[in-house]
Amino acid sequence: EWEKHPYHIVIEVSFIAAFIYFYMIPLHKAKKMRVEPLTKKEEEGLLEEFHSEPFRSKNPDSNAVAIAGQPLVSYNVVGRSGVKISILPKHASKAVECLDLATFDYHSLATNEAVRDVAKRTVAAYGVGSCGPRGFYGTIKPHLDLEHDIAKFLGVDACIIYSYGFATISTLIPCYASRGDYLIVDDGSCLPIQEGCHLSRSHVSYYKHNDLFHLEELMQSVVEKDSRSKKVSRRFVVTEGVFRNTGDLCMLPEIITLCRKHKFRLILEDSYGFGALGASGRGTPDHFKIATSLVDIYVGSLSTALGAVGGFCAGEATMIDHQRLAATGYVFSASLPPYVTAAASKALAIIESNSTDTISALQRNSATMRKEIQLSRLPSGLHLVECIDDISPLIHIRVSQQYLAEHGRATAEAKLAHVVQSLEARKILAVRQLYTIEERVPNVPSLRIVVKAELPSSEVVSSARTVVALLRGEFSR
């Protein structure tokens, strides 16, 4: 039989030889490469040498100009109590208590005794963690209570809470807008909004900061494109209520009017206005006497006025329900610890029951601080970013473009850093406004001050005068 097919037997023999060869080589190599087990001492040595490294560790965190011999942060925060914050300067052995004009905890609720007591009782009742995403087994009664409390406070149908403030808006935008849709965004918006727009893969246009004429021009352009293509796309305007990077307010009534006129939906990121603006602390819409229900998608933070962690979105029930299945930051994240949500509910109850005192005090201190800075007269080269009614608790003192052109960014940043250090020496903690490397906004050097409700008026005035005096001393040279 093999005489009829001589090549057949040759091929079979070749396959058998190849199989034996390739089977035996790995065994032979394995014997050569066999590694002796490590001794206990060797294992301990390797463990001591190992250290984890964060992703992109070689990339800078900030696009601020580096200042020789001066780190971006020269201290560690070791404690807080009310409007005081304890810091431990690097290479120091003793903590220093300073006036807190740096954190976003407007009402000092993170250290409020009543809030802390609620957190402790909730830990005793439910434990520390929730152990899973909300949609699986991570929903516990305090989560539902907080959502109900926020919805009731804002006067809307429903609310959804997220575990991380940054992820709230950055995953919420892609939840509603995708490829082929249109987003028109204020170009002064903060990084989470920018990231959300990028992740959505929509057509993104930026209008000049608070420029309503440019906004309407872009809206008309989108309407014309839809008209030519004979289709109606999903269209959104995205803005902040109180802008993190400037401290001023959006022109909400006019923006809502334009949205209704051109059939756009409005996404309002009001993390820095919620709990601070309006007669009752209901945020930027409340300040303009607009019902929150008139804002299509209202987004806020639990980590500013409420002194907790996380974020939320409030509005119509159908809009909220969609997020529970489509917002990745909600679906795939472990839920907030129950004690955090219980503490946030208590903080909200304190604001609601004492709004006449807490909100009024914050707004009064904000206006006093701003007016005192204006009266004290900043040196040329600096200007206070103005806001409607002097009501924003976020205060930015910016370096002018003319000063930057004449003296350079490095000089301006170095002077601001020296002012921050001088304030620390006088036991006042403020910060330079820093931007991450990914932000798509102009990096304008500025000093940022966050006003607190519990500050005595005398300290508001004295700290404002101290800030202006130090700025005048640095920038008048």
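- Closest heavy-atom contact between Asp226 and Ser229: O-OG, 3.2 Å.
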request  = Please lay out, stage by stage, how Glu217 and Lys208 fare under the test salt bridge (Lys or Arg N to Asp or Glu O under 4.0 Å).
outcome  = CA-CA 11 Å; Glu217 182 182 320; Lys208 297 172 186 175; over 6 Å; no
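- Donor-acceptor pairing under 3.5 Å is recorded for the side chains of Glu269 and Ser271.
- Aromatic ring pairs are classed by plane angle as parallel below 30°, tilted from 30° to 60° and perpendicular above 60°; the pair Phe153 and Phe274 is perpendicular.
- Within the 3.5 Å criterion, the main-chain N or O of Gly300 finds no donor-acceptor partner in the side chain of Asp270.
- Counting heavy atoms from C-beta on, the side chains of Ile290 and Pro253 come closer than 4.5 Å.
- Counting heavy atoms of neighbouring residues, nucleotides and ligands inside a 6.0 Å radius, atom NE2 of His322 exceeds 12 of them.
- Looking at Phe312 and Ile160, their side chains never come closer than 4.5 Å, going by heavy atoms from C-beta outward.
- Using a 4.5 Å heavy-atom threshold, the side chains of Ile397 and Ser446 count as separate.
- Listed for the Arg201 side chain is no donor-acceptor partner under 3.5 Å among the backbone atoms of Ala177.
- Put simply, the residue from Asn210, Leu266, Leu215, Val185 that forms a side chain to side chain contact (heavy atoms under 4.5 Å, CB included) with Thr239 is Leu266.
- Checking side-chain atoms of Glu147 against main-chain N and O of Ile161 turns up a donor-acceptor pair under 3.5 Å.
- For Glu316, the CD atom sits in a loose shell: 12 or fewer heavy atoms of surrounding residues, nucleotides or ligands are nearer than 6.0 Å.
- A heavy-atom distance below 4.5 Å is found between the side chains of Val467 and Leu423.
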In a table with atom names and distances, give each donor-acceptor pair under 3.5 Å that connects a side chain of residues 167-176 to protein atoms at least two apart or in another chain.
residue : atom : partner : partner atom : Å
Thr168  : OG1  : Tyr164  : O            : 3.0
Thr168  : OG1  : Gly165  : O            : 3.4
Ser170  : OG   : Phe166  : O            : 2.8
Thr171  : OG1  : Ala167  : O            : 2.5
Tyr176  : OH   : Met319  : O            : 2.4
Tyr176  : OH   : Gln323  : NE2          : 3.2

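- Looking at Ser333, its side chain never comes within 3.5 Å of a backbone N or O of Tyr330 through a donor-acceptor pair.
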Residue pair Arg121, Asp117: steps toward the salt bridge (Lys or Arg N to Asp or Glu O under 4.0 Å) verdict = CA-CA 6 Å; Arg121 290 199 300 271; Asp117 287 344; 5.2 Å; no
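- The shortest heavy-atom contact between Asp286 and Leu277 is OD2-O, 4.1 Å.
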message = Could you walk me through whether Leu404 and Gln401 satisfy the side chain to side chain contact (heavy atoms under 4.5 Å, CB included) test, starting with their C-alpha distance in whole Å, then the side-chain angles of each, then the deciding distance to 0.1 Å, before giving a yes or no?
response = CA-CA 5 Å; Leu404 292 175; Gln401 292 299 324; 4.1 Å; yes
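- Side-chain contact check for Asp248 versus Glu386: every heavy-atom pair is 4.5 Å or farther apart.
- Ser293 and Gly155 make their closest contact through CB-O, 4.4 Å (heavy atoms, listed as atom of the first residue, atom of the second, distance).
- Closest heavy-atom contact between Pro338 and Gly129: CD-C, 4.0 Å.
- Atom NE2 of His203 has more than 12 neighbouring heavy atoms from other residues, nucleotides or ligands inside a 6.0 Å radius.
- Panel note: side chain Ser163, backbone Ala334; a donor-acceptor pair is recorded below 3.5 Å.
- Checking side-chain atoms of His143 against main-chain N and O of Leu336 turns up a donor-acceptor pair under 3.5 Å.
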request  = Kindly indicate, with the supporting measurements, whether the criterion side-chain hydrogen bond (donor to acceptor under 3.5 Å, both in side chains) is fulfilled by Thr246 and Arg398.
outcome  = CA-CA 9 Å; Thr246 54; Arg398 278 189 158 189; 5.9 Å; no
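- Not a single donor-acceptor pair under 3.5 Å links the side chain of Glu413 to the backbone N or O of Ala417.
- When all heavy atoms are compared, the tightest approach of Leu249 to Ile391 is CD2-CG2, 4.2 Å.
- When each of Asn245, Asp186, Asp187 is checked for a side chain to side chain donor-acceptor pair (under 3.5 Å) with His209, only Asp186 meets the rule.
- Between the side chain of Ser200 and the backbone N or O of Ser202 there is at least one donor-acceptor pair closer than 3.5 Å.
- Atom-to-atom distance recorded for Met251:CE and Leu258:CG is 11.5 Å, nearest 0.5 angstrom.
- Just one of Leu306, Leu362, Ile359 meets the side chain to side chain contact (heavy atoms under 4.5 Å, CB included) condition when paired with Tyr106; it is Leu362.
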key: Step-by-step salt bridge (Lys or Arg N to Asp or Glu O under 4.0 Å) determination, Glu424 to Lys90   = CA-CA 13 Å; Glu424 286 177 32; Lys90 292 186 177 178; over 6 Å; no
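- Side-chain contact of Thr139 with Arg134: a donor-acceptor pair under 3.5 Å is present, judged by distance alone.
- For the pair Arg116 (side chain) and Ala110 (backbone), a donor-acceptor distance under 3.5 Å is absent.
- Taking the ring centre of Phe236 as origin, the terminal cationic atom of Arg265 falls outside the region bounded by 6.0 Å and 45° from the ring axis.
- Distance alone, capped at 3.5 Å, is enough to place a donor-acceptor pair between the Lys452 side chain and the Thr103 backbone.
- Looking at Asp100 and Lys84, no side-chain N of the basic residue comes within less than 4.0 Å of a carboxylate O on the acidic one, giving no salt bridge.
- Two residues are said to be in side-chain contact when any heavy atoms from C-beta on lie closer than 4.5 Å; Val78 and Ile85 fail this criterion.
- Side chain to side chain, Glu216 and His262 meet the donor-acceptor criterion of an N or O pair below 3.5 Å.
- Closest of all the heavy-atom pairs between Val156 and Gly315 is CG2-N, 3.8 Å.
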ask   = Between Asp181 and Arg235, does a salt bridge (Lys or Arg N to Asp or Glu O under 4.0 Å) hold up when you go through it step by step?
value = CA-CA 6 Å; Asp181 298 328; Arg235 308 184 293 219; over 6 Å; no
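- Screening Val118, Thr122, Asp149, Leu146 for a side chain to side chain contact (heavy atoms under 4.5 Å, CB included) involving Lys346 leaves a single residue, Val118.
- Counting heavy atoms from C-beta outward, Ile373 and Ile395 have side chains that approach closer than 4.5 Å.
- The shortest distance between side-chain heavy atoms of Tyr206 and Gln194 falls below 4.5 Å.
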